[in-house]
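What follows is a short report on a single structure.
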Protein chains: 2
Amino acid sequence: MLLPSTTTLRRSSTSDDVAALLRNTIVAGQLAPGTQLREVALAAELGVSRPTLREALRSLERDGLVMHRANRGVFVASLGAEDVEDLYRVRVVLEASAARACAEATDDALAALRAAFEEVHGSWGGDDLGRLVDTDLRFHAAIVALLGSPRLDATFAAACDGLRLCLSAIGASTPHVARGPAALEQHRAILAALTARDAERAERLVLRHIEVNRSRIARLFAGA
Amino acid sequence: MLLPSTTTLRRSSTSDDVAALLRNTIVAGQLAPGTQLREVALAAELGVSRPTLREALRSLERDGLVMHRANRGVFVASLGAEDVEDLYRVRVVLEASAARACAEATDDALAALRAAFEEVHGSWGGDDLGRLVDTDLRFHAAIVALLGSPRLDATFAAACDGLRLCLSAIGASTPHVARGPAALEQHRAILAALTARDAERAERLVLRHIEVNRSRIARLFAGA
DNA sequence: GGTGACAGATTGCCTGACAATCCTTCAATG
DNA sequence: CATTGAAGGATTGTCAGGCAATCTGTCACC
């Protein structure tokens, strides 16, 4: 290898940049669910042409972040209770499977998991909710990465985007930060079980951890 | 219901039609992996404009059916051994999880599973390989549907497309049809375990069934 | 009050074009 | 002879503009 892998010259295309920008804006909650994304206005605002913007929007649609009604336009997706249910179903399946497979996990994946945990631990004191949720989900993504499947990683990443959209939509800031220390303790226990390759205990802990979150979010949705 | 469901007014967009057409063509093996899909020529041949075709290609790229090299164009994906490994990892995770969850599955999903089995059974005698693989995978998709998660269903469907591409690429016709009766018997056993809601047995049978297939395909790939 | 039609707005899709980038070929040089 | 360098051709990346189709909202009318 002559060059560091970051030098890979992979200049991202404009529509990819636009898609990434819109994705971040949406999951950050800066675009309320239900708001219409008009092509001409948005394209002008972003300084790109309509076809380019359309490609980006189509990409977001496939991720479930925007809804597309024929001849009406695209709207920021407003996820309902059944969507939350589905998203957590994805999490349960992937994370539980990963926990059960921790015996066959590579050392690299376990090292990445530990690194993700340190990152979560380090930034937990901050009051930036967005970054907190980010690092939290990154820890869980590292769990899924134990499976060693890029495709499942992608599925989980899409589900994370959906969850972030849900969280920011209902403004779940205060309850989540309040739960910080408890979640950290659970993360530590999960990490310990996984590195010890204790599949059964890890799966049990992961399932309980997710279930706690799921019921809390579901309750918030029921109240809203 | 006032109208037949086909009248659903949901005029599929042109780019969706194009994407579906290309998807079928690719997974059917009528486009050899590695062949370049030139935009102008293909757009002219399909009678659509370039932007429309680009949208369709972008959709296929997200499904992993085509590869996109910057400023070079899109090529029919040529999946390697590690891709096959990944695809089967997806199958193992999703189908095993679904089998374990059969206790909580809805009756509708179980009915759909039985229907899929009947369909496989009915068309098994035919010599049309494409349809055989289709129905086989539809049975497995019905297993995954026990989870009740549209997002996981979509992930599995994408994996199925990848698998079909692999199979048609290596021309796995003869070994697969020869295996027909054995697979049918395994399917019957899996269906029995699932409808009996015997999670443990169902998972064991599913895992073995998938593993048999995986090792066979992997062997074919090693020889090619 | 409910029903129909009209106007406005927006998308769906196409045509055409230009710049940027990449691969190939070929000549020049050590 | 192998390697380097540059020109040429082809293809993609992106933009601008335009027209038809379709949906929504409003308003007159029964």
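Any value given below was found using the heavy atoms of this structure, including those in side chains, with hydrogens, waters and symmetry copies removed. Throughout, protein chains are lettered first and strands after them, A, B, ... in sequence-line order, and every chain is numbered starting at 1.
Residue pairs meeting the salt bridge (Lys or Arg N to Asp or Glu O under 4.0 Å) criterion with at least one member in residues 70-83 of chain A, sequence neighbours excluded, are D83(A)-R151(B). For residues 25-35 of chain A, no residue pair satisfies the salt bridge (Lys or Arg N to Asp or Glu O under 4.0 Å) rule, not counting sequence neighbours.
Here the C1' atom of nucleotide dT12(D) and the CE atom of M67(B) are 15 Å apart, to the nearest Å. Summarising the geometry, the separation between CD on E55(B) and P on dT14(D) is reported as 14 Å, rounded to the nearest angstrom. Atom C1' of nucleotide dC15(D) and atom CG of L53(A) are separated by 13 Å, given to the nearest angstrom. A straight line from CG of L46(A) to C1' of dA16(D) spans 17 Å, rounded to a whole angstrom.
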Give each protein N/O atom lying under 3.5 Å from an N/O atom of nucleotides 7-11 of chain C, with the pair distance.
residue, atom, partner, partner atom, Å
dT10(C), OP1, R38(A), NE, 3.2
dT11(C), OP1, E39(A), N, 3.0

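Among residues two or more places apart in sequence or in another chain, the side chain to side chain contact (heavy atoms under 4.5 Å, CB included) test is passed with L163(B) by L87(B), Y88(B), R91(B). Contacts of N24(A) classified as side-chain hydrogen bond (donor to acceptor under 3.5 Å, both in side chains), with partners at least two apart in sequence or in another chain: none. R50(A) meets the side-chain hydrogen bond (donor to acceptor under 3.5 Å, both in side chains) test with E39(A); sequence neighbours excluded. With sequence neighbours left out, the side-chain hydrogen bond (donor to acceptor under 3.5 Å, both in side chains) criterion links R62(B) to D63(A). For D153(B), the side-chain hydrogen bond (donor to acceptor under 3.5 Å, both in side chains) test picks out no residue, with sequence neighbours left out.
Regarding contacts with the backbone of dC14(C), a side-chain N or O of T52(B) is found under 4.0 angstrom from either OP1 or OP2. Phosphate contact (OP1/OP2 of dG13(D), side-chain N/O of S13(A), threshold under 4.0 Å): absent. Contact annotation: S49(B) side-chain N/O to dT15(C) OP1/OP2 distance is not under 4.0 Å.
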(request) Begin from the C-alpha positions of V144(A) and E95(A) and carry the test side-chain contact (heavy atoms from CB on, under 4.5 Å) through to its verdict. (result) CA-CA 5 Å; V144(A) 174; E95(A) 298 193 45; 3.8 Å; yes
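Helix bend of the helix from dG1(C)-dC30(D) to dG30(C)-dC1(D): the angle between its two end axes, each built from five pairs, comes to 20° after rounding to 10°.
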